[in-house]
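For clarity, every value in this text was computed on a predicted model and none was experimentally measured. Computation of the quantities below employed the complete heavy-atom set of this structure, encompassing side-chain atoms and omitting hydrogens, waters and symmetry-equivalent molecules.
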Amino acid sequence: MKKIISLFLLVLTFGSMAAQENFELSTLRIGPFKIFMEKSEAEKIAGAKLKISDGEQKNVVKYNGETINIEVFQGYGGEAKPDAVTIAGMTTTSKKFKTKSGMGVGSTRDELINAYKNYPTFSVRPDMDNNGKRIKDAGYFNIEDYDAGTQLTFKFVNNIVTEITVYINEGC
């Protein structure tokens with residue numbers, strides 16, 4: 001009887017730990033971090049202070065052992081809080097974060113196309129070097145969320161996703 005109770009407590013403990021993890025990926029989020037999330041809320045989740053980004057340097061945050069690079073800017077809080085300091089972009093190379101369709105780092109270009117072929121606004125484009133020349137075997141698969149004003153981008157090399165970015169789409 002003691003073994004059954006011990007086993008039950010063990011399963012309950014690990015089950016509740018797994019329930020607290022959030023590895024969701026969408027046009028608005030990477031895990032618990034969301035585009036337009038205020039800096040103070042993101043700092044509570046990260047357990048660290050975040051610096052306002054300068055366009056080059058990103059905040060490196062660990063979430064359940066996985067790295068997320070977060071860009072925080074002032075002036076992207078939307079109509080309600082136009083001067084708020086919020087998350088404007090995030091990037092990860094972790095294989096743990098997945099979309100509801102199961103896409104993430106390690107997925108193939110063809111899997112992305114098959115998963116999102118009926119999505120109204122997706123595009124595939126090549127990667128370019130600093131001189132504007134196409135980089136062979138590298139590119140991007142983009143999903144635009146016009147309602148949210150965001151974009152989910154899968155970077156692929158040799159047809160395998162290596163990096164995922166979620167950011168505010170300024171229409172550029």
key: Worked check of side-chain hydrogen bond (donor to acceptor under 3.5 Å, both in side chains) between K39 and T86   = CA-CA 5 Å; K39 178 179 175 264; T86 61; over 6 Å; no
request  = Report the C-alpha distance between S53 and E71 in whole Å, list the side-chain angles of each, state the deciding distance to 0.1 Å, and finish with yes or no for side-chain hydrogen bond (donor to acceptor under 3.5 Å, both in side chains).
outcome  = CA-CA 5 Å; S53 303; E71 291 183 272; 4.9 Å; no
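Counting all heavy atoms, side chain and backbone alike, S107 lies closest to G102 at OG-O, 4.0 Å. The minimum heavy-atom distance between I70 and V72, with the atom names listed, is CG2-CG2, 3.9 Å. The shortest heavy-atom contact between V166 and T27 is CG1-O, 3.3 Å. Residues E56 and D54 come closest through the heavy atom pair N-OD1, 2.8 Å. The two residues V61 and A46 come nearest to each other via the heavy atoms CG1-CB, 3.6 Å. Pairing each heavy atom of V161 with each of G104, the nearest pair is CB-O, 3.5 Å.
In K34, the NZ atom is not crowded: 12 or fewer heavy atoms of neighbouring residues, nucleotides or ligands sit closer than 6.0 Å.
Distance check: K58 NZ to T67 OG1 gives 12.5 Å after rounding to the nearest 0.5 Å. One distance of note links CG of L28 with CE of M37; it measures 11.0 Å at 0.5 Å rounding. The CG atom of N159 lies 11.0 Å from the CD atom of E111; values are rounded to the nearest 0.5 Å. In this structure, CG on L112 lies 9.0 Å from CG on L152, to the nearest 0.5 angstrom. Note that OG1 of T121 and CD of Q151 are 8.5 Å apart. Values are rounded to the nearest 0.5 Å. A distance of 11.5 Å separates CE of M128 from CG of N131, quoted to the nearest 0.5 Å.
You'll find the side chain of E66 stays beyond 4.5 Å of the side chain of T92, heavy atoms only. Looking at D83 and Q74, their side chains come closer than 4.5 Å, going by heavy atoms from C-beta outward. Contact of the N142 side chain with the R125 side chain is registered, since non-hydrogen atoms from C-beta on lie closer than 4.5 Å. You'll find the side chain of N118 stays beyond 4.5 Å of the side chain of Y116, heavy atoms only.
When the side chains of ILVMFWY residues are joined at heavy-atom separations under 4.5 Å, either directly or via intervening members, V105 and I160 end up in two distinct hydrophobic clusters. In the hydrophobic clustering of ILVMFWY residues, with side-chain heavy atoms under 4.5 Å counting as a link, I45 and V85 come out together. Both F73 and I87 are assigned to one and the same hydrophobic cluster, defined by single-linkage of ILVMFWY side chains at heavy-atom distances under 4.5 Å. In the hydrophobic clustering of this structure, V157 does not group with F154; members are Ile, Leu, Val, Met, Phe, Trp, Tyr whose side-chain heavy atoms approach within less than 4.5 Å, directly or through other members. Residues L25 and F122 share a single hydrophobic cluster, defined by chaining ILVMFWY side chains whose heavy atoms lie under 4.5 Å apart.
T91 pairs with exactly one of T153, T165, N69 by the side chain to side chain donor-acceptor pair (under 3.5 Å) rule, that one being T165.
Legend: residues meeting side-chain hydrogen bond (donor to acceptor under 3.5 Å, both in side chains) with K44, ordered by chain and number and at least two apart, are absent. Every residue was checked against the side-chain contact (heavy atoms from CB on, under 4.5 Å) condition with K98, not counting sequence neighbours, and none meets it.
Taking the six-membered ring for Trp and the full ring otherwise, Y140 and F156 have centroids separated by 6.0 Å or more. For F97 and F23, the distance between ring centers is under 6.0 angstrom.
Relative ring orientation between Y63 and F33 is described as perpendicular, the plane-to-plane angle rising above 60° on a 0-90° scale split at 30° and 60°.
Side-chain atoms of E144 and N169 include a donor-acceptor pair closer than 3.5 Å.
Judged purely by atom type and a 3.5 angstrom limit, D129 uses its side chain to pair as donor or acceptor with the backbone of K133.
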